[in-house]
Q: 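Following this message is one structure expressed as structure tokens.
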Amino acid sequence: MAPPEPEAERLSGESELPFVPRRPTLGQRVLRTMRKSPATAWGLTVVVALIAMALLAPVIAPFDPYGTDPRASLQPPSGQHWFGTGIFGEDILSRVIYGARRDLVIALGAVSIALVSGCLLGAVAGYWEGPLGEVIMRIVELLQAFPAFILAMAVAGALGPSFRNLIIAIAITNVPIYAHLMRVSILSNKQNDYAMAAIAIGGSSWRVLLRHLLPNSLGPIFIQSTLQPGYAILTAAGLSFIGLGVRIPEPEWGLMVAMGSPRIISGEWWISFFPGLFIIIAVMGFNLIGDGLQDIFDPQRR
Amino acid sequence: MNYLVYIVRRLFLLIPLLLGVTFVVFVLTRVVIAGNPIDQIVPPMASQEQRDRLAERYGLTDPIAVQYLKYMRNLVRGDMGVSFQTGLPVTREILKFFPATFELTTYAMLLALLIGVPLGVVAAVWRDTWIDQLSRFLSVSGVSMPVFWLSLLLIYFFFFQWQIAPAPIGRINPRLVAPDTITGWYTIDSLITGNWKALQSAISVLVLPTIALAYGAMAPLARMARSGMVEVLETDYIRTARAQGLRWRTVVFKYALKNALLPVVTMTAVVYGFLLGGSVLVENIFAWPGLGRFAYNAIASSDYTAIQGFVLYATTMFVVLFLITDLIYRALNPRIGP
């Protein structure tokens, strides 16, 4: 007879102390998550690879992303230029590699700004439910009345096209979602004993809010924040495509697709194709992580 | 009756919302705006005096509060100001470009509904089969693919490679005369007037931009239909219906479908907002003479009255559509009365 599994023994031992599960370490939890959801693992791999590509751009890019060479203009993909060359003879591959820097910074920057400001607004609105909270939520709802891309367009158009303004424009469209999530979370956590206790022992409002309520309300927001960078990249690329983002010759994926768009009807597909492909890869990477985490943490979702 | 009261109340609530929207747009396009719009319309050699005179004529020298009041007064009368670029009233420009966008986005919406909803339903009924995987793949790629990139790809294959689609040259072959305007929709106008050549051309140029827009719009609809259906199929009333020996097909298509599709109704407004945003990108690529292209040109020349007009129009449309779908949802769903 095979020796009983240690797990089974522990579970069946009635006379022993009640079974207390060991708290898994963070690494174990990540690993378990990955095994439960291969899609999340793929998403994480893609995003990590893109970040590595962005960081190592000077090492791996074969050419200068700003370099031009009139003699090598509009060459199809070849051994020398894997992704071909653009109208000025610029190497598309090198520009795609450097483009990861722009697009990831835009996406993560915009989402971080939206996360911090949205959470603060939502927390304040949830904690002080009176007129202050009302005003904040009315403003947030007002922002939601606009179709997201059109609001981003209006903001970026008003501020003028630049890298910084692009981040601001996308951040603004992302604020409402965090504000709503945070407010709901605070509203329910406020009723908990620990919050009452913190108030009862004389903690100041801000202290209770920032030290006790906020950290406990971050769960659902964290999951949402893994979904947003995907949309942020799409919005950024769209705005750059219509000239509201970064400017030529900056290597940014949306702008690179735009640079190739007049050439598509004459068959030079590679100028637009490869940057667009990387937009898809990046967006998919973030979305897979977000979806996977939602599936795992929200049993309601199937 | 109760429902009517609810509708009226919702319509009244629309007023402060739209006031807020106009305020945001005003702040964005007049207070925050970078660059002087006057620079866009005067030649670089214009004297300061000429610039000042123009600024005065467009009311740019007034205090900002006065500008806002004037702007609101005009807006109430349906006057959105004069476009710097064309010198024409923005309201008239929007009315001129509106039918093209309305036609394109409506066909895209219909296509997205026609494919997305059945796909989601089928994926839910045959969960975890190949059809579910296919539906998942289409959804994931639909939400990840930039609509402008898909448009370019479609042009490359269908126009350049296979030569089965016309060049991206707008709403109709430029060698044909546009059909007489009745509804403003080329497909319908040419059908009514029996202008078969125009009809054929109008349809053939519609195909690619419609597919490009619909692909992204399809994903959230399919997703919503699937999750709605999955949820309904696990409810007690469906189990009871099954237990009583009703045919599976009857249960799914007669009892489950109705409830499963309810959430899709509210989703359509959100998707339409997405289509309006996408139209800016797609119309630009397909030289489609609609509002999206109008907005693009306005941005390119910092024509703020025009940008303002477009944003106001699109947002109003979005908000009103949201209200309509919400009302339909409530009418269809007796569980949440007004």
Side-chain angles (χ1 to χ4, degrees), chain A residues 39 138-139 141-143 145-162 165 230-231 233-235 237-239 241-244 253-254 257-258 260-261 263-269 271-273 275-277 279-288 291 300-302, chain B residues 16-18 20-21 23-25 27-35 127 140-141 143-153 155-156 159-161 167-168 227 230-231 270 272-278 280-281 284-285 295-296 298-300 302 304 307-308 310-311 314-315 317-319 322:
Chain A
R138 284 296 99 77
I139 294 173
E141 274 163 28
L142 188 57
L143 288 179
F146 294 86
F149 186 76
I150 287 167
L151 178 63
M153 213 176 87
V155 175
L159 294 174
S162 79
N165 294 344
Y231 298 116
I233 289 178
L234 277 181
T235 315
L239 290 176
F241 184 84
I242 55 173
L244 280 178
W253 293 333
V257 176
S261 82
R263 291 273 153 190
I264 215 84
I265 46 170
S266 52
E268 281 104 11
W269 53 273
I271 313 172
S272 293
F273 178 80
L277 191 66
I279 296 176
I280 297 181
I281 292 173
V283 177
M284 246 184 209
F286 282 111
N287 285 354
L288 284 176
D291 273 354
Q300 293 269 298
R301 252 181 67 122
R302 278 152 310 206
Chain B
L17 185 66
L18 288 176
V21 166
F23 183 72
V24 169
V25 174
V27 169
L28 279 178
T29 47
R30 294 228 185 157
V31 184
V32 183
I33 193 148
R127 232 159 103 191
V140 170
S141 64
V143 292
S144 313
M145 201 180 290
V147 62
F148 50 92
W149 185 77
L150 177 62
S151 303
L152 292 174
L153 228 60
I155 293 174
Y156 176 75
F159 169 68
F160 179 79
Q161 280 291 348
S227 66
V230 165
E231 204 170 299
V270 179
Y272 201 81
F274 164 84
L275 288 178
L276 284 172
V280 180
L281 300 165
N284 193 34
I285 293 171
Y296 173 79
I299 288 163
S302 327
Y304 72 70
I307 301 175
Q308 195 161 271
F310 171 74
V311 175
T315 307
M317 180 118 183
F318 182 56
V319 168
F322 209 87

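Each chain gets a letter, A, B and so on, in the order the sequences are listed, and its residues count up from 1. As the structure is a computational prediction, the values presented were derived from the model and not from experiment.
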Q: Report which part of B:Val21 has an atom under 4.5 Å of a heavy atom belonging to chain A: side chain, backbone, both, or neither.
A: both
Q: Begin from the C-alpha positions of A:Phe149 and B:Leu281 and carry the test side-chain contact (heavy atoms from CB on, under 4.5 Å) through to its verdict.
A: CA-CA 10 Å; A:Phe149 186 76; B:Leu281 300 165; 4.1 Å; yes
Q: Using heavy-atom distances under 4.5 Å, tell me whether B:Ile155 contacts chain A through its side chain, its backbone, both, or neither.
A: side chain
Q: Do you know which of B:Tyr272, B:Phe274, B:Phe318 makes side chain to side chain contact (heavy atoms under 4.5 Å, CB included) with A:Pro147?
A: B:Phe318
Q: To the closest 0.5 Å, what do you measure between CD1 (B:Ile285) and CD1 (A:Ile264)?
A: 9.0 Å
Q: To the closest 0.5 Å, what do you measure between CD1 (A:Ile281) and OG (B:Ser144)?
A: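 So the CD1 of A:Ile281 and the OG of B:Ser144 are separated by 10.5 Å.
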Q: For A:Asn165, which residues count as a side chain to side chain donor-acceptor pair (under 3.5 Å) partner, sequence neighbours excluded?
A: A:Ser162
Q: Please state whether the side chain, the backbone, both or neither of B:Pro168 comes within less than 4.5 Å of a heavy atom of chain A.
A: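 Contact with chain A: side chain only.
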Q: Hey, could you give me the CE/CD1 distance between B:Met145 and A:Ile279, rounded to the nearest 0.5 Å?
A: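 It is 11.5 Å, given to the nearest 0.5 Å.
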Q: If you define the side chain from C-beta out and look only at heavy atoms, does anything of B:Ser141 sit under 4.5 Å from A:Met284?
A: yes
Q: Under a 4.5 Å heavy-atom cut-off, does chain A meet the side chain of B:Leu152, its backbone, both or neither?
A: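 When you check distances to chain A, atoms from both the backbone and side chain of B:Leu152 fall under 4.5 Å.
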Q: Restricting to non-hydrogen atoms, name the atom on B:Thr315 and the atom on A:Ala145 that form the minimum distance, rounded to 0.1 Å.
A: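 Answer, listing the atom of B:Thr315 first, then A:Ala145: CG2-O, 3.3 Å.
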Q: Checking B:Leu276 against chain A: side chain, backbone, both or neither under 4.5 Å from a heavy atom?
A: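 Backbone plus side chain of B:Leu276, per the 4.5 Å heavy-atom cut-off to chain A.
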Q: Identify which of B:Phe148, B:Tyr156, B:Phe23 forms the greatest number of heavy-atom pairs closer than 4.5 Å to chain A.
A: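 The candidate making the most pairs under 4.5 Å is B:Phe148.
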Q: I need the residue from B:Asn284, B:Ile307, B:Val143, B:Leu153 with the largest number of non-hydrogen atom pairs under 4.5 Å to chain A.
A: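 With the most close heavy-atom pairs to chain A, the winner is B:Val143.
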Q: Need one label for B:Ala295: side chain, backbone, both or neither, based on atoms under 4.5 Å from any heavy atom in chain A.
A: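 Interface part for B:Ala295: side chain.
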Q: How far apart are the closest heavy atoms of A:Leu142 and B:Gly20, and which atoms are they?
A: CD1-C, 3.5 Å
Q: With a 4.5 Å cut-off on side-chain heavy atoms, are A:Val257 and B:Pro146 touching?
A: no
Q: Distance check, rounded to the nearest 0.5 Å: B:Leu17 atom CG versus A:Arg138 atom CZ?
A: 10.0 Å
Q: For A:Tyr231, give me all partners under side chain to side chain donor-acceptor pair (under 3.5 Å), at least two apart in sequence or on another chain.
A: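 Once residues adjacent in sequence are excluded, A:Tyr231 has no partner under the side chain to side chain donor-acceptor pair (under 3.5 Å) criterion.
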Q: Please determine whether the number of non-hydrogen atoms from other residues, nucleotides or ligands lying under 6.0 Å from atom CZ of A:Phe273 exceeds 12.
A: yes
Q: Flag the one option from A:Leu277, A:Leu151, A:Ile139, A:Ile233 with the top tally of heavy-atom pairs under 4.5 Å to chain B.
A: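 If we count pairs closer than 4.5 Å to chain B, A:Leu277 comes out on top.
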Q: Given A:Ile280 and B:Trp149, is the side-chain contact (heavy atoms from CB on, under 4.5 Å) satisfied, shown in steps?
A: CA-CA 10 Å; A:Ile280 297 181; B:Trp149 185 77; 3.1 Å; yes
Q: Which heavy atom of B:Ala314 sits nearest to which heavy atom of A:Ile150, and what is that distance?
A: CB-CD1, 3.5 Å
